[in-house]
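Below, chains carry the letters A, B, ... as their sequence lines are ordered, and counting in each starts from 1.
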Amino acid sequence: MDFSIFGYQFMQNAILSAFLGGIACATIGVFVVLMHMPFIGVCMAHAAFAGALLGLWLGFNPLVGAFGVSLLSAAIIGPLADRGELSPETSIGVIFSLMLGLAFLFMGLMPGTKSGALELLWGSILTNTRSDIILLGIVAVVVVSLVFLFFKEIQATIFNRDTALAVGIPAALFLYGILFLTGATITASLRSIGGLLIFSLILNPAAAAYQLTYNMKKMFLLSAAFGVLSGWVGLLFSYFFNLPSGATIVVTSSVIFLIAVVFSPKRKVKGWQSKPLQEEQP
Amino acid sequence: MDNELIVIDNAVVSYREDIALRGVSLKVARGEFIGIIGPNGAGKTTLLTVVNGMGKLLDGKVRVLGHYLTPGNGHSLRKKVGYVPQVQNIDPRMPICVREVVMIGRYGILGLFRRPGKSDYEIVDEALELVGMSELAQRPIGHLSGGELQRVAIARALAQQPELLLLDEPTASLDWKAQSDILELVKMIHNTRFLTTLFVTHDLSCLPVACDRVVLMKKGTIWGEGSPDELLTDINLSRLYDMPVSVVEKRREKALPVN
């Protein structure tokens, strides 16, 4: 095989983007999986996409639009998820479809060619520039350091928001923080992975890690590792078989998830439980 | 030192259209063990949330452990109040072990940016020992039975080293053996740790016999208050639960062996 491709600047950029984006997305994914809110993530991804298209249409930076609109959707979703009064799924469904509708509306209103819009839909990690990488790097560093700094509050909030509140942790603040980080991560990864595919890079690595461990720290680490692996293996396939990179990355992450499910010790919960029970017998 | 740990004066709490508490007043002295009884929807849980600062007061004043509660200032109070909520659904695959869940009780007190140290682990292990869960400390939390989960919840509340312990239906959905074990445990903890305890239940057979005082609640008001022997008569209970006296008698006879 010819590996000279890795000498090129665009490929090095792509490898670095996959590394940073993989870590950021997969870390956010742990929240999404453990707090049982995958639909919120999908909704925010589409909000970011709609915001980016709004930027393209009106001629301002698409990433600013993506960030703004995804935060706006978080501001609507947050209270719904927090109070749990209405059925959040229904309300999120309404917002999700609204965002998709707005995205296509902006796309229709956009004059000239739609290639910029489609690029945001599919993503193009191979054309990532230095500024894209810097943005991804900032988001990855912020996400990882916040998880590191606030691990115990995050752990409590993930375990149970009411419990976290009852021991004196401002759980609502952490919930909004998590939504904010989700918006920032999706925005930063939008150009690399694309609005349609970004969510699988958030969900799949974390879902795979979820199958493999009963330790939350390990889950964060495994998830980040799977995220980076998905990006790199996906890039390789994309290059050697001349396939769209966003798609190969997402398919790779799905394959990793399937492998994790097959080897999951959690599928044998009964066996796990029976071990200590046997010990207790005289 | 102030001997009145909780002073609730004419508290009104409302969720959306419904009024959950209609002008409830209650004083609790340090060291008391109080049973709060009443049918479902009487406002018992709401009363507890008012005490730990999670309930939103529409009217009235609440002072707990010297804190006057206003919206949003409850976090510092809650660090000192052990709260055992109603049985929660826990994801069986949740990647947290029993010891970590109990450690959550320390997190509020530790505050931001501080990691649990040796003394915190000692407090946690002691709490686990007290509730008889040391053996299962490393188990994933999702693998426990209902009774074990309640023990862990109590241990978590104890890890806060609270002065005040609030228990919301700690015996609901447990079998009778687990119920009586939890009741004994609560009473033992109340005595050994010199706590003030509020114990909510809809089920009379789950009221510890050793309650200093019982509070009967119905439709968002306090319907009666006094010593268990005076208050828990068949006639009172039949009126509280809107059931014929004969039915109450029968049920209480059945329930007796638990205590």
Side-chain angles (χ1 to χ4, degrees), chain A residues 30 33-36 83 85-86 145-146 148-174 206-207 209-223 261 264-267 269-277 279-280, chain B residues 15-16 48-49 52-54 72 74-86 88-98 100-116 120 135-145 152-153 156-157 159-160 162 166 168:
Chain A
V30 175
V33 168
L34 291 182
M35 295 175 87
H36 303 283
R83 288 182 205 144
E85 284 184 6
L86 304 159
S145 28
L146 287 179
F148 191 75
L149 276 179
F150 297 108
F151 182 76
K152 65 181 199 307
E153 285 80 11
I154 286 169
Q155 190 184 38
T157 308
I158 285 178
F159 171 65
N160 188 296
R161 282 206 292 282
D162 290 335
T163 301
L165 202 58
V167 301
I169 292 169
L173 189 70
F174 281 91
Y210 183 52
Q211 305 301 322
L212 298 178
T213 179
Y214 281 111
N215 181 307
M216 202 181 281
K217 279 180 190 156
K218 277 189 196 151
M219 184 170 165
F220 273 109
L221 292 174
L222 271 177
S223 180
V261 168
S264 170
K266 297 193 183 183
R267 292 170 72 216
V269 163
K270 287 231 170 75
W272 211 99
Q273 276 180 326
S274 70
K275 217 169 108 196
L277 284 178
E279 282 167 13
E280 280 159 22
Chain B
Y15 297 120
R16 279 160 283 162
L48 286 192
T49 62
N52 84 344
M54 301 219 288
H75 294 303
S76 55
L77 168 68
R78 281 196 283 277
K79 291 172 189 178
K80 297 186 226 164
V81 179
Y83 180 58
V84 179
Q86 286 183 35
Q88 298 158 330
N89 284 328
I90 289 178
D91 176 359
R93 297 174 174 210
M94 178 62 81
I96 299 184
C97 75
V98 168
E100 287 173 303
V101 170
V102 177
M103 185 55 88
I104 289 175
R106 301 294 306 155
Y107 285 175
I109 298 158
L110 275 168
L112 298 177
F113 306 115
R114 281 179 59 202
R115 310 235 152 197
D120 298 303
E135 304 275 306
L136 303 182
Q138 300 303 327
R139 275 270 187 107
I141 186 72
H143 289 189
L144 301 188
S145 69
V152 172
R156 189 189 61 237
Q160 288 175 255
L166 311 177
D168 193 357

Contact origin within [X] toward chain A - heavy atom pairs under 4.5 Å:
X: B:Leu166; result: neither
X: B:Leu77; result: neither
X: B:Arg156; result: side chain
X: B:Met54; result: side chain
X: B:Val101; result: side chain

>> Test your reading of the model: is there a side-chain donor-acceptor pair from B:Arg78 to the backbone of A:Leu165, 3.5 Å cut-off?
In response: yes
>> For the backbone of B:Gly111 and the side chain of A:Lys152, can you confirm whether one donor and one acceptor N or O come within less than 3.5 Å of each other?
In response: yes
What's the separation between atom [atom1] in [X] and atom [atom2] in [Y], rounded to the nearest 0.5 Å?
X: B:Asp91; Y: A:Ile158; atom1: CG; atom2: CD1; answer: 11.5 Å
X: B:Ile141; Y: A:Asn160; atom1: CD1; atom2: CG; answer: 10.5 Å
X: A:Glu153; Y: B:Ile104; atom1: CD; atom2: CD1; answer: 10.5 Å
X: B:Glu100; Y: A:Met216; atom1: CD; atom2: CE; answer: 7.5 Å
X: B:Tyr107; Y: A:Thr163; atom1: OH; atom2: OG1; answer: 13.0 Å
X: A:Leu34; Y: B:Arg93; atom1: CG; atom2: CZ; answer: 12.0 Å

Which bit of [X] comes within less than 4.5 Å of chain B, counting heavy atoms only: side chain, backbone, both or neither?
X: A:Phe150; answer: side chain
X: A:Met219; answer: side chain
X: A:Phe148; answer: both

> Which heavy atom of B:His143 sits nearest a heavy atom of A:Tyr214, and at what distance?
Replying inline: NE2-OH, 2.9 Å
>> Could you report the tightest heavy-atom contact between B:Gly105 and A:Val167, atom names first, then the distance?
In response: CA-CG1, 3.9 Å
